[in-house]
Amino acid sequence: QFGDWPEAAPESPRSATVTLAAPDWLAAPLPAMPEKRRPVAATALGGAKVMAGAGAGDADAAMLFGTRLHLLLEHLPGRDPADWPALARDLLADAEGGLPEPAMQEQLLDEAQAVIFAPDLAEVFTIPEGAEVLRELALAAPLPGIGTMLGKIDRLVITGDRLLAVDYKSNRDVPADPGATPLGILRQMAAYRAALRLIWPGHRVEMAVLWTATRRLMPLPDAVLDGAIAGLDPDPAGA
């Protein structure tokens with residue numbers, strides 16, 4: 001509005017038009033996307049989790065009982081037994097299913113106490129000097145034929161170059177020997193063993209199931225685990 005504009009605007013330079021050939025990749029088909037496999041839970045590798053012919057019952061109630069018992073076995077060891085009742089109430093109140101009835105609280109606490117103080121389970125709950133214990137250890141590892149495996153080990157005891165991995169099972173029907181252990185449990189433990197060998201190379205890895213109903217620690221020989229994992233569908237979850 002107030003500028004001193006020239007009477008004739010200067011000519012602008014002309015733009016040159018350049019034609020470029022399209023690169024070949026524009027017309028080429030897209031390469032196939034690499035196959036994407038979802039992580040597989042160690043508990044989802046197929047196979048039964050209970051003994052064949054096990055007594056029928058309320059599966060949901062049994063699973064809830066096992067979940068609650070696992071929680072107590074995770075947190076009570078190493079704490080003053082005098083504090084266990086109050087600690088158990090606090091743990092169960094915040095857990096799945098909420099605080100159970102007093103009779104169930106007492107049953108859970110009694111079973112947890114019987115397991116923790118069982119003489120045959122001393123190597124699991126009485127830790128020697130210099131050993132390290134990892135509770136509810138989350139695992140993620142790439143396993144051949146499976147893909148990325150996800151899992152959680154209830155208790156791992158590390159002593160020198162030895163690893164003892166223990167999984168708690170609250171099944172009421174307990175196998176007589178490792179070979180009779182339900183296939184789903186064996187595959188789960190074999191997957192954990194493979195992951196631990198990757199994470200702690202050079203360590204001796206020993207796997208065991210703690211059957212809470214009988215207060216028994218059952219070591220799982222390598223041969224039994226090898227046989228269970230050998231017949232595994234390489235894509236058990238449809239990943």
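Small disclaimer: the values here were computed from a predicted structure and weren't measured.
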Exercise for the section: Evaluate the side-chain proximity of Asp120 to Leu217: yes if any heavy-atom separation is below 4.5 Å, no if none is. Expected result: no

Handout entry: Summary of ring pair (Phe, Tyr, Trp, His ring centres under 6.0 Å) pairs that have at least one residue in residues 147-169, sequence neighbours excluded
Key = His70-Tyr168

Problem - Leu186 with Ile153, same ILVMFWY side-chain cluster at under 4.5 Å - result: yes

Practice task
For residues 190-201, pull every pair meeting salt bridge (Lys or Arg N to Asp or Glu O under 4.0 Å), keeping only residues two or more places apart or in separate chains.
Solution key: Arg193-Asp222, Arg193-Asp226, Arg197-Asp222

Handout entry: Joint hydrophobic cluster, Met207 plus Leu164, side-chain heavy atoms closer than 4.5 Å
Key = no

Handout entry: Contact check, side chains of Leu121 and Val115, non-hydrogen atoms, under 4.5 Å
Key = yes

Practice task
Answer yes or no: is there a side-chain heavy-atom contact under 4.5 Å between Leu210 and Leu73?
Solution key: no

Handout entry: For Leu26, the rest of its hydrophobic cluster, which grows through side-chain links under 4.5 angstrom
Key = Trp25

Exercise for the section: State, yes or no, whether a side-chain contact exists between Leu45 and Gln188 at a heavy-atom distance under 4.5 Å. Expected result: no

Handout entry: Side chain proximity check, Met218 to Pro178, heavy atoms < 4.5 angstrom
Key = yes

Contacts table for residues 81-110: side-chain donor-acceptor under 3.5 angstrom, sequence neighbours left out:
residue : atom : partner : partner atom : Å
Trp84   : NE1  : Leu76   : O            : 3.2
Trp84   : NE1  : Arg79   : O            : 3.1
Gln105  : NE2  : Pro100  : O            : 2.9

Handout entry: Any side-chain heavy-atom pair of Ile116 and Val124 under 4.5 Å
Key = no

Exercise for the section: Sort and list the pairs that fulfil salt bridge (Lys or Arg N to Asp or Glu O under 4.0 Å) and have at least one residue in residues 154-172, not counting sequence neighbours. Expected result: Glu111-Arg172, Glu123-Arg162, Arg162-Glu206, Asp167-Lys169

Problem - Heavy-atom side-chain contact between Val166 and Leu156 under 4.5 Å - result: no

Practice task
Indicate if Phe65 and Val174 have the same hydrophobic cluster label, given that clusters are the connected sets of ILVMFWY residues with side-chain heavy-atom separations under 4.5 angstrom.
Solution key: no

Practice task
Could you tell me whether the side chain of Val157 reaches within less than 4.5 Å of the side chain of Phe125, counting heavy atoms only?
Solution key: no

Fill in the blank from the handout: Trp211 meets the ring pair (Phe, Tyr, Trp, His ring centres under 6.0 Å) criterion, sequence neighbours left out, with none

